[in-house]
Trainee: 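Quick one: structure below, then a few questions.
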Amino acid sequence: MLAARVLADTFRQVTVLERDVYPHDRPDFRPGVPQSRQLHVLLLRGQHVLEQLFPQLRSHLLELGALPHDYGTQSLYYYRARCHVSHRLDGWLCSRSLLEWQIRRELLASYPHIHFLEGNVVTHLLSEPHTPDVVTGVQFQTRNHKDDLSLQRLDADLVVDASGGSSRAPQWLQMLGNGYEAPQETVVDAQLGYATRFYASSTHAPYKFISIQSPGGRRSGSLLELEEGKLVVVLAGKHGDYPPQTNDGYLAFAKALPDQILYDRICELAPITPIYGYRRTANRWRHFEQLKTVPHNFLVMGDAFCMFNPVYGQGMTVAALEARALHACLKRRHGRSLSRRFHRINARIIRMPWLLATMVDQGMRSADASPIAHNHGSIMRRYMDRVTMCLSADAHVLLSFVKVVHMLQSPFALMSPSILFRVLFCHTAERRPSG
Ligand SMILES: Cc1cc2nc3c(=O)[nH]c(=O)nc-3n(C[C@H](O)[C@H](O)[C@H](O)COP(=O)(O)OP(=O)(O)OC[C@H]3O[C@@H](n4cnc5c(N)ncnc54)[C@H](O)[C@@H]3O)c2cc1C
């Protein structure tokens with residue numbers, strides 16, 4: 001939908017082909033985005049970009065019950081000890097379903113030339129025999145009519161694949177022929193398992209957002225207040241140490257986190273959903289930017305290009321940044337070099353969040369099982385360990401870290417001379433006497 005928003009400034013007609021039927025009465029789960037049952041936080045950088053693309057979005061979300069939220073003082077972070085951010089970092093909180101619902105409403109209200117063709121699955125890219133290097137549209141099939149051999153076609157001047165982690169863009173390229181190859185993939189898999197549950201609450205606690213990391217980041221737990229008095233809790237464990245999906249097991253996992261605040265809060269709440277597990281969480285980068293040849297008029301973005309370990313909450317923000325980059329590319333009229341240029345710009349956008357996500361994940365392995373943890377990676381990882389040890393002791397380092405996490409500044413800000421000095425010489429929580 002973000003791609004549709006930016007395409008609408010350049011093209012007379014934009015068609016969104018979506019395999020799901022969108023919820024029409026109220027924000028709700030839909031099967032095409034199975035991960036949307038899991039806790040989703042939109043980082044502050046992502047919020048800022050969305051507010052540029054949709055100037056009314058924030059106020060409309062707040063009218064629908066989204067909560068104004070200060071990610072600084074109203075949030076509790078736990079990294080080896082409780083960390084309190086002393087600066088305001090203003091934004092908002094809402095469920096992913098509400099966010100998607102409202103973005104679609106903004107599109108329908110302000111862009112009459114965007115059309116949604118719901119319940120249609122894209123199956124192939126199309127090109128013409130006399131111009132095999134140009135994508136001229138897509139072939140699609142209406143759902144529940146799988147036996148219907150009359151596939152339909154949609155001609156287009158530009159095709160953008162934003163079909164998420166299950167994208168078949170690599171196969172589509174190969175099926176086009178003309179020597180097109182599937183991109184190489186880099187996969188860094190921390191074998192992370194998520195378990196999310198939604199709750200109802202009638203009381204307000206001091207923190208609308210709680211994030212607890214165990215030392216080494218092997219286990220974590222987060223809580224987020226949402227619209228309509230709902231809360232969402234996610235528990236996560238790496239390397240097969242998955243949070244259970246039974247009541248007792250879930251509570252025991254929460255209780256074993258290094259701070260009890262999340263467990264205590266869950267015990268006060270009434271669950272309103274089952275516990276939803278999710279394990280498809282590897283970082284996966286499909287290197288479309290490295291392809292020697294790409295057909296003209298075909299772009300890939302979002303999770304179809306790169307998926308991140310969700311613990312860092314970067315996916316939607318990266319998708320928003322990519323949409324903004326596409327907007328800029330279209331304005332510059334790159335013509336036949338658009339695909340190549342956009343994919344290279346995408347790769348630049350991805351590089352920093354990828355670095356942040358993968359350097360923390362242990363046991364880094366590429367798709368061909370060769371180690372990709374280069375020396376500089378392990379030095380960075382050790383430095384990041386050192387940073388997290390300082391967070392509770394140094395408010396300056398903590399603020400910088402939270403800004404990096406929210407993608408408001410580059411991870412290299414944590415290596416600026418002033419932060420470096422503080423990190424190397426800080427008295428960490430672990431050095432303090434425990435009594
Ligand atoms: C467990 C988990 C937790 C996460 N938490 C966060 C978080 O806290 N913060 C954050 O920013 N990100 C988070 N993410 C990442 C986030 O979900 C994705 O990065 C984001 O949704 C990517 O958007 P997208 O548009 O690329 O893909 P999606 O949101 O997956 O959308 C793809 C769309 O394409 C449709 N589609 C697929 N194939 C076809 C087809 N052939 N034809 C037609 N339509 C098709 C699907 O139905 C769907 O609507 C999380 C991910 C996971 C797995």
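One-based numbering, in listed order, for ligands and for the atoms of each. Predicted model only: the values in this text are computed from it and were never measured.
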Trainee: Are Tyr194 and Tyr276 near enough that their ring centres are under 6.0 Å apart?
Mentor: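 For Tyr194 and Tyr276, the ring centres are not under 6.0 Å apart.
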Trainee: Closest non-hydrogen protein atom to atom 38 (N) of ligand 1, residue and atom name please, with distance?
Mentor: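 Ranking protein heavy atoms by distance from atom 38 (N) of ligand 1, first comes Ser163 CB, 3.4 Å.
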Trainee: Mind running side chain to side chain contact (heavy atoms under 4.5 Å, CB included) on Leu154 and Phe140 for me, showing each step along the way?
Mentor: CA-CA 8 Å; Leu154 181 69; Phe140 66 96; 4.0 Å; yes
Trainee: Would you say Ala319 touches ligand 1, if touching means a heavy atom closer than 4.0 Å?
Mentor: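 Heavy atoms of Ala319 never come under 4.0 Å of ligand 1.
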Trainee: Take atom CD of Gln52 as the centre, draw a 6.0 Å sphere, and report whether it contains more than 12 heavy atoms from other residues, nucleotides or ligands.
Mentor: yes
Trainee: Any chance you could lay out the side chain to side chain contact (heavy atoms under 4.5 Å, CB included) test for Leu223 and Phe209, step after step, and finish with the verdict?
Mentor: CA-CA 6 Å; Leu223 175 149; Phe209 178 62; over 6 Å; no
Trainee: Please state which protein non-hydrogen atom is closest to atom 18 (C) of ligand 1 and give its distance, to 0.1 Å?
Mentor: Asp303 OD2, 3.2 Å
Trainee: Any salt bridge linking Arg143 with Asp20? Criterion: basic side-chain nitrogen under 4.0 Å from a carboxylate oxygen.
Mentor: yes
Trainee: What residue and heavy atom of the protein are closest to atom 44 (N) of ligand 1, and at what distance?
Mentor: Arg19 N, 3.1 Å
Trainee: For atom 40 (C) of ligand 1, what is the closest protein heavy atom, and at what distance to 0.1 Å?
Mentor: Val122 N, 3.7 Å
Trainee: Please work out whether any backbone atom (N, CA, C, O) or any side-chain heavy atom from C-beta onward of Leu43 is under 4.0 Å from ligand 1, and answer side chain, backbone, both or neither.
Mentor: neither
Trainee: Tell me the nearest of His40, Arg143, Gln314 to atom 17 (O) of ligand 1, using heavy-atom distances.
Mentor: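 It is His40 whose heavy atom sits nearest to atom 17 (O) of ligand 1.
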Trainee: Residue-level breakdown please: for Arg168 versus ligand 1, do any non-hydrogen atoms fall below 4.0 Å on the side chain, on the backbone, on both, or on neither?
Mentor: neither
Trainee: For the residue pair Phe342 and Glu322, what are the closest heavy atoms and their distance?
Mentor: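 Scanning both residues, the minimum pair turns out to be CE1-O, 3.6 Å.
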Trainee: Report yes or no: does a heavy atom of Leu39 sit under 4.0 Å from some atom of ligand 1?
Mentor: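 Right, Leu39 reaches ligand 1.
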Trainee: Can you tell me if Asn120 has a non-hydrogen atom under 4.0 Å from ligand 1?
Mentor: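 Asn120 counts as a contact of ligand 1 under the 4.0 Å cut-off.
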Trainee: Under 6.0 Å from the six-membered ring centre of Phe116 and within 45° of its axis: does the NZ or CZ of Arg104 meet both?
Mentor: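 Judged by the rule, Arg104 and Phe116 form a cation-pi pair.
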Trainee: Determine whether the side chain, the backbone, both or neither of Thr281 has a heavy atom under 4.0 Å from any heavy atom of ligand 1.
Mentor: neither
Trainee: Give a yes/no verdict on a cation-pi contact between Arg286 and Phe305, requiring under 6.0 Å between NZ or CZ and the six-membered ring centre and an angle within 45° of the axis.
Mentor: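 Negative - Arg286 is either too far from the ring of Phe305 or too far off its axis.
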Trainee: Can you report which non-hydrogen protein atom sits closest to atom 27 (O) of ligand 1, along with the distance?
Mentor: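 Scanning the protein heavy atoms, the shortest distance from atom 27 (O) of ligand 1 goes to Gly164 CA, 3.4 Å.
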Trainee: Treating Gln260 as the side-chain partner and Lys255 as the backbone partner, does any N or O pair qualify as donor plus acceptor under 3.5 Å?
Mentor: yes
Trainee: Once you restrict to heavy atoms under 4.0 Å, what part of Val33 touches ligand 1? Side chain, backbone, both or neither.
Mentor: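 It is the side chain that gets close, since no backbone atom is under 4.0 Å.
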Trainee: Would the His69 and Tyr71 ring centres measure less than 6.0 Å apart?
Mentor: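 That pair passes the under 6.0 Å test.
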Trainee: Would you mind checking which non-hydrogen protein atom is closest to atom 8 (O) of ligand 1, with the distance to 0.1 Å?
Mentor: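 That would be Val41 N, 2.7 Å.
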Trainee: Name the option, out of Met301, Met316, Arg96, that contains the heavy atom nearest to atom 21 (O) of ligand 1.
Mentor: Arg96
Trainee: For atom 30 (O) of ligand 1, what's the nearest protein heavy-atom neighbour? Residue, atom name and distance, please.
Mentor: Gln35 NE2, 3.2 Å
